[in-house]
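Being a predicted model, the structure only gives us computed values, none of them experimental.
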2 protein chains.
Amino acid sequence: MHIDAVDQRIIASLVADARASYAEIGGRVSLSAPAVKRRVDRLRAAGVIKGFTAVVDPAAVGWTTEAFIELFCTGRTTPAQISAATRRHPEVVGAYTVSGEADAIVHLRAADIAHLEQTLERLRAEPFVTSTRSMIVLSRLLESPTVVAAPS
Amino acid sequence: MHIDAVDQRIIASLVADARASYAEIGGRVSLSAPAVKRRVDRLRAAGVIKGFTAVVDPAAVGWTTEAFIELFCTGRTTPAQISAATRRHPEVVGAYTVSGEADAIVHLRAADIAHLEQTLERLRAEPFVTSTRSMIVLSRLLESPTVVAAPS
DNA sequence: GATGAAAGTACCACGCG
DNA sequence: CGCGTGGTACTTTCATC
């Protein structure tokens with residue numbers, strides 16, 4: 001699947017405002033509304049655009065505490081196991097296997113410290129977890145929903 | 001600002017599909033389209049809903065490499081300094097000050113390892129950075145765009 | 001370009017303090 | 001009685017063919 005410069009600009013438009021009309025996007029990229037729609041449909045079908053979502057302030061819905069947890073796992077732990085385990089916890093908003101000391105890093109979001117501690121305890125109870133190292137988020141400096149700029 | 005159960009369901013609807021029509025959301029929460037629009041406008045004005053965005057597959061736009069970088073800073077470094085510095089780099093998709101050994105954690109997304117290394121070098125060149133520790137992401141197991149479930 | 005749907009606006013009705 | 005919230009009616013804009 002090839003993504004040209006116009007596709008890039010359409011994607012950038014939708015990332016900036018997913019509720020923009022096709023006509024509005026078309027005006028920005030010099031295309032008619034139906035032409036934009038066809039491209040968007042194609043991008044969605046190709047999996048480039050996975051969907052459209054609202055950006056919600058976590059604090060406003062009561063989730064004020066955040067942490068990154070480094071997971072240290074037993075020798076024979078597969079990414080699939082970690083994935084399955086983290087998926088069971090709704091507090092997990094991100095999970096990645098990484099190189100370095102730790103085997104994985106988990107991004108948690110909870111209502112408060114007590115809730116976070118409780119989630120951490122549940123994570124530590126997973127059989128393959130040997131130890132964890134917590135980094136409580138003191139302040140969120142930056143968080144881009146997505147990035148679409150072309151690679152330099 | 002008070003968010004009631006209906007607001008929660010509207011938010012959940014929009015997180016699931018930001019391009020849903022007001023009538024469609026209204027059908028789900030038993031409200032008329034204008035009533036839904038009024039609530040959405042109110043939620044946006046209050047900053048609960050920060051905006052609407054497209055969820056894009058980073059790999060599809062050529063950004064295949066990802067890392068978390070722990071930053072260790074000089075004694076008198078303010079969060080504002082870190083924020084300003086990370087904001088200058090488009091590869092930074094998230095930045096947080098944290099408790100623990102490191103002072104901050106930075107989430108990077110780059111085209112490839114070379115691009116990542118180059119970005120890391122630029123970050124390390126910031127005057128307040130004394131050292132860094134990199135965790136290259138081997139696989140992304142999970143990444144929720146947003147969370148809206150009510151705190152338990 | 002034409003048609004049907006959705007967004008956006010205006011105005012009125014109801015319930016609560 | 002004023003304020004908040006919801007509904008209906010209507011106009012304009014957009015999606016879709």
Open item on the list: Check for me, please, whether B:L120 and B:Y96 land in the same ILVMFWY cluster - side-chain distances under 4.5 Å, paths through other members count.
Closed with: no
TODO: Write down the distance between CZ (A:R39) and C1' (D:dA15), rounded to a whole number of angstrom.
DONE: 19 Å
Open item on the list: Side chain of B:L31 only, heavy atoms from C-beta on: which candidate in D:dA15, C:dT9, D:dG7 is closest?
Closed with: D:dG7
Task: Lys/Arg-Asp/Glu bridge criterion (N-O < 4.0 Å) met for A:R39, A:D4 - done: yes
Open item on the list: What is the distance, to the nearest angstrom, from the CZ atom on B:R42 to the P atom on C:dG8?
Closed with: 17 Å
Open item on the list: Nearest to the A:P34 side chain among C:dA7, D:dA15, D:dT16, which nucleotide is it?
Closed with: D:dT16
- [ ] Report the distance from atom CD1 of B:I3 to atom P of D:dT5, rounded to the nearest whole Å.
- [x] 13 Å
TODO: Answer with base, sugar-phosphate or nothing: what part of the nucleic acid does B:R38 contact at a heavy-atom distance below 4.0 Å?
DONE: base
Open item on the list: So, does B:Y22 get its side chain near the phosphate of C:dA6, meaning an N or O under 4.0 Å from OP1 or OP2?
Closed with: no
- [ ] Please check if any side-chain donor atom of B:S83 sits under 3.5 Å from a side-chain acceptor atom of B:R87, or the reverse.
- [x] yes
TODO: Give a yes or no on whether a salt bridge exists between A:E143 and A:R109, defined as a side-chain N under 4.0 angstrom from a carboxylate O.
DONE: yes
- [ ] Answer with base, sugar-phosphate or nothing: what part of the nucleic acid does B:S32 contact at a heavy-atom distance below 4.0 Å?
- [x] base
Task: Between C:dA7 (P) and A:E24 (CD): distance, integer Å - done: 14 Å
- [ ] Provide, to the nearest angstrom, the distance between the NE2 atom belonging to B:H2 and the P atom belonging to D:dT5.
- [x] 11 Å
- [ ] Round to the nearest Å and state the distance from A:K37 atom NZ to D:dT16 atom P.
- [x] 4 Å
Task: B:D41 CG - C:dA7 P separation (whole Å) - done: 12 Å
Open item on the list: In this structure, how many angstroms lie between the C1' atom of D:dG4 and the CG atom of B:D4, rounded?
Closed with: 12 Å
